[in-house]
Amino acid sequence: MFGIGGPELLIICVVALIVIGPKKLPEMLRSLGKGVAEFKRVGNDVKSTLDEEVSKAEAESRKKEVEEEMARRKAEKAEAEAAEAAGPPSSEGATAEGASAAPVEEANDKA
C-alpha cells in the first residue's frame with residue numbers, strides 16, 4: 001500500500017492505541033474505514049463517468065466517419081449515374097471527326 005509492511009503497521013497500531021486510547025480507537029478506526037470507503041466510491045464514480053464520456057466520444061466519432069463514408073459513396077454513385085446518363089465516352093466521335101477532316105484536306109489539295 002504505501003510501502004508499509006506488517007511490522008510497521010503493528011508499530012503504528014500500538015502507537016495509536018497508546019495515543020488515542022482503547023475507548024476511542026474503535027470509533028476512530030470505524031471513521032477512518034468509512035472515509036476510505038467513501039474515497040474509493042467517489043474514485044469509482046469518477047472513473048465510470050470518464051469511461052462513459054470516452055465511449056460517447058468514440059461512438060460519435062464512428063458515427064461521423066460512417067456518415068462521411070455514406071456521403072462519399074452517394075456522391076460517387078450520383079457521378080456514375082450522371083456519366084452513364086450522358087453516355088459512354090465515345091471513341092466513335094473522334095473517329096467521325098477524323099474521317100470528316102480528311103475529305104476537307106483532300107478538297108483543299110485539289111483546289
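- Taking both residues in full, the closest heavy atoms of Ala16 and Leu25 are given as CB-CD1, 4.1 Å, listed atom of the first, atom of the second, then distance.
- Using a 4.0 Å cut-off between charged side-chain N and carboxylate O, Glu76 and Arg73 make no salt bridge.
- When side chains are defined from C-beta on, Glu67 does not count as touching Met70, because their heavy atoms never get closer than 4.5 Å.
- Ion pairing between a basic and an acidic side chain is recognised when a charged N comes within 4.0 Å of a carboxylate O; Glu27 and Lys24 show no such pairing.
- For the side chain to side chain contact (heavy atoms under 4.5 Å, CB included) with Val15, the qualifying choice from Ile12, Val19, Leu17, Ile18 is Val19, the only one to do so.
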Trace of the salt bridge (Lys or Arg N to Asp or Glu O under 4.0 Å) decision for Lys63 with Glu60: CA-CA 5 Å; Lys63 183 179 178 183; Glu60 287 177 11; over 6 Å; no
side-chain contact (heavy atoms from CB on, under 4.5 Å) assessment of Glu65 paired with Glu69: CA-CA 6 Å; Glu65 288 175 5; Glu69 181 66 19; over 6 Å; no
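- The side chain to side chain contact (heavy atoms under 4.5 Å, CB included) with Lys47 is formed by just one residue from the set Thr49, Asp45, Asp51, Leu50; it is Asp51.
- Checked by atom type and distance alone, the side chain of Glu58 never pairs as donor or acceptor with a backbone atom of Ser55 at under 3.5 Å.
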